Amino acid sequence: MKRNIFVLLAAVLLASLLTVTGCSEESDDTGDTGETGETEESAASGTTAETVIYINGRELDLSTAGELDLELLSVENGITVTVEKEDDETVTVNGEAVDDSVSLDITAITRDETIEIEITDGDDTASYTVNVMPSTFLDYTTEGESLTSGDYYLSTYDESTNYIFKLDSSGNLIFYKNVGSDNALDFRKWYNGDGEVRYTYLQYLENSFAGISGINPGCVVVMDEDYNVIDELYYQTSDGEEAMIDPHGFIYIDDGHYILTSYDDIVVEDIPEELGATDNSAYLAVLYIEEIEDGEVIWEFCSMDYERFLYATTDVTWSASTDSCYDYMHFNSMYIDNDDNLLVSCRNINAIIKISRETGELVWILGGGSEDDFGLTEDQVFSKQHSIIVTSDGSYMIFNNANDEVSGGEAESSSIIRLKVDEETMEVTEYTKYETGFYSNYMGSIRELDGEDGIYLWAVGGNYSGLIPEYSLIEYTEVDGEMSAAFTFRFDDGNRRLYCANKFE
């Protein structure tokens, strides 16, 4: 497999971009946790280079006195301030003299909570105000109480400074990490084969792939239980190179064992004549998916191996198909089915596809217009969908953005679709649709939290037309076919988008 833009980006950007975005081990291992908000007053304050202060084991940047924002903070086990100082220095934390360490009774991260630190060496005093909640973190509002245990795993989207963060079941902010100006998506918790905690998120590294809006090359960041970066994952090409991944989705199986996706921009020849492509060729963003274990590629899927996708796509202007690169598939989520094969959501073919994890071959297409293998009725079709999951009873659930239905006047809002299929008869055996009450033209997610009690979590997606939703996230139960909210979250300012929402114990 030959790589063009992704390989070039991987080579050029690693040195210049990774440390900025946090998609580099160096960004966490420096130990720096403070950014200074320098003013004339703080610049005039003295600093004491001999003193070293750690907040939860991460060194505080004391180079400039004044107001500091932390890069990363967790209050899940409280806050401990540790001091290393010379004998002639005095350090106070919130007015209390500290010789070695002090534990602070802070269990939630709030705007009005600060840590006041003074360092005095007899002649000079340096004063620091550490914001427990960073000044650039968006204000938010929650209502209700979660019906399930565990924490919400979220991230901001398209802000000047973005964060991955965790809320407890009451909506208290308990962890954040500043990931820079680029987006970080799908913050998750996993366990490796030894039972050790792994946290992952998908980090943008470039604005677009081949000039296509919505495909942003990046990498997977893997952290240990203390949020230290321990790995960065890239797509492994057949010629032994590393390419940037597509940050829409990722599956962790164990340390060194993952499922990743990437793209290659290719001029494809021999396009079927009836599609009307100029000179029967098209410039396409070809989707690749691979499972890799201990450096070895177990299988690889390539979308160009299947002509059917060319007939299913709704995103290619075939008469001008060589004028620019077309994202004819647009992968946006994946999930391992109960038969251990891989379900993949592809927005621009309006379909869920199943891929064999033994061979990497296409098994079937659910949706996709003329290429649908299950005979969806007119009332069952979905479009521009996001977020495929498998529920505890074996059903599929989809966040149906419903772009085609809304633009065609057949629907007024996006919806949650739940369906069950029989893979022997290739039929849909059960089908339910829940209207969300608003139209989100992209993004959005659905998660099952408790299948027995019918508790689910979904996140609002992208831009809205018509009614603007009152929340960015809702945990709900099904009551007589309707959604009854138990817990909601929304940002007060900035955009209200969440790429997705997760919850883990």
Side-chain angles (χ1 to χ4, degrees), residues 22 26-139 151 161 163-168 170-178 197 223-229:
E26 180 182 351
S27 65
D28 275 53
D29 286 350
T30 59
D32 292 338
T33 62
E35 287 185 343
T36 61
E38 184 173 345
T39 64
E40 292 183 4
E41 180 180 353
S42 66
S45 301
T47 59
T48 306
E50 292 80 2
T51 298
V52 180
I53 295 179
Y54 302 89
I55 295 181
N56 287 352
R58 295 175 181 272
E59 186 176 348
L60 189 65
D61 182 3
L62 301 176
S63 58
T64 305
E67 183 177 334
L68 304 180
D69 278 350
L70 301 177
E71 295 294 313
L72 183 154
L73 181 66
S74 167
V75 296
E76 294 158 286
N77 297 307
I79 294 180
T80 299
V81 181
T82 304
V83 176
E84 295 178 359
K85 64 181 183 67
E86 301 296 325
D87 291 340
D88 60 348
E89 295 173 339
T90 300
V91 177
T92 63
V93 177
N94 290 346
E96 177 184 346
V98 177
D99 291 326
D100 44 23
S101 67
V102 61
S103 296
L104 305 181
D105 186 22
I106 298 175
T107 58
I109 297 168
T110 61
R111 182 73 66 201
D112 57 359
E113 195 80 65
T114 61
I115 303 173
E116 304 294 333
I117 298 174
E118 285 193 351
I119 304 172
T120 303
D121 64 4
D123 297 319
D124 298 313
T125 297
S127 300
Y128 305 86
T129 296
V130 180
N131 296 318
V132 173
M133 178 184 287
S135 59
T136 55
F137 196 92
L138 295 176
D139 291 324
D151 302 321
T161 303
Y163 292 86
I164 58 171
F165 61 100
K166 294 163 67 171
L167 305 177
D168 66 17
S170 297
N172 298 307
L173 180 63
I174 57 174
F175 163 82
Y176 62 80
K177 178 183 178 181
N178 181 333
V197 171
M223 301 182 293
D224 65 14
E225 63 181 1
D226 296 317
Y227 307 104
N228 298 307
V229 175

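Since we're looking at a predicted model, the values are computed, not measured.
Judged by distance alone, with hydrogens and angles left aside, the side-chain atoms of Arg111 form no donor-acceptor pair with the main-chain N or O of Val132 at under 3.5 Å. Not one N or O on the side chain of Glu113 forms a donor-acceptor pair closer than 3.5 Å with the backbone of Thr110. Between the side chain of Asp168 and the main chain of Ile174, no donor-acceptor pair closer than 3.5 Å is present. The backbone N or O of Asn228 lies less than 3.5 Å from no partner atom in the side chain of Asp226, so there is not a single donor-acceptor pair. A donor-acceptor pair is defined here as one N or O able to donate and one able to accept, closer than 3.5 Å; no such pair exists between the side chain of Ser170 and the backbone of Asn172.
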Val81 vs Asn94, test: side-chain contact (heavy atoms from CB on, under 4.5 Å). Steps then yes/no. CA-CA 11 Å; Val81 181; Asn94 290 346; over 6 Å; no
Verdict with reasoning, Val93 to Ile53, per side-chain contact (heavy atoms from CB on, under 4.5 Å): CA-CA 10 Å; Val93 177; Ile53 295 179; 5.9 Å; no
Would Glu89 and Val83 count as a side-chain contact (heavy atoms from CB on, under 4.5 Å) if you check the C-alpha gap in whole Å, the side-chain angles of each, and the deciding distance to 0.1 Å? CA-CA 11 Å; Glu89 295 173 339; Val83 176; over 6 Å; no
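Side-chain contact between Asn131 and Leu70: absent, with no pair of heavy atoms (C-beta onward) separated by less than 4.5 Å. Contact check for Glu71 versus Arg58: no side-chain heavy atoms found under the 4.5 Å cut-off. For the pair Leu72/Phe175, a side-chain contact is recorded, criterion being any heavy-atom separation below 4.5 Å from C-beta on. Residues Tyr163 and Leu138 are not in side-chain contact: their nearest non-hydrogen atoms beyond the backbone lie 4.5 Å or more apart. Proximity of Lys85 to Asp99: side-chain heavy atoms (C-beta onward) are separated by under 4.5 Å at one or more points. Under the 4.5 Å side-chain criterion, counting only non-hydrogen atoms from C-beta, Asn56 is not in contact with Asn77. Contact annotation: the side chain of Leu68 never approaches that of Asp61 to less than 4.5 Å [non-hydrogen atoms, C-beta and beyond].
One finds the CG atom of Leu104 at 5.5 Å from the CD1 atom of Ile115 (value rounded to the nearest 0.5 Å). From Asp121, atom CG reaches atom CD1 of Ile119 across 9.5 Å, with rounding to the nearest 0.5 Å.
Across every non-hydrogen atom of Asp69 and Ser135, the tightest pair is OD2-OG, 2.5 Å. Nearest heavy atom pair, residue Leu62 against residue Val52, reads CD1-CA, 4.4 Å. Here the closest non-hydrogen pair linking Ile109 and Leu73 is CD1-O, 4.1 Å. Ala65 approaches Tyr128 most closely through the heavy-atom pair CA-CE2, 3.3 Å. In plain terms, the two heavy atoms of Ser101 and Thr80 that are nearest each other are CB-CG2, 4.2 Å.
Counting only N and O atoms by type, the side chains of Thr114 and Glu116 include a donor and acceptor under 3.5 Å apart.
Ring orientation note: the planes of Phe137 and Tyr176 are tilted relative to one another, at an angle of 30° to 60°.
Salt-bridge formation is detected for the pair Lys166/Glu76: a Lys NZ or Arg NE/NH1/NH2 atom is positioned less than 4.0 Å from an Asp or Glu carboxylate oxygen.
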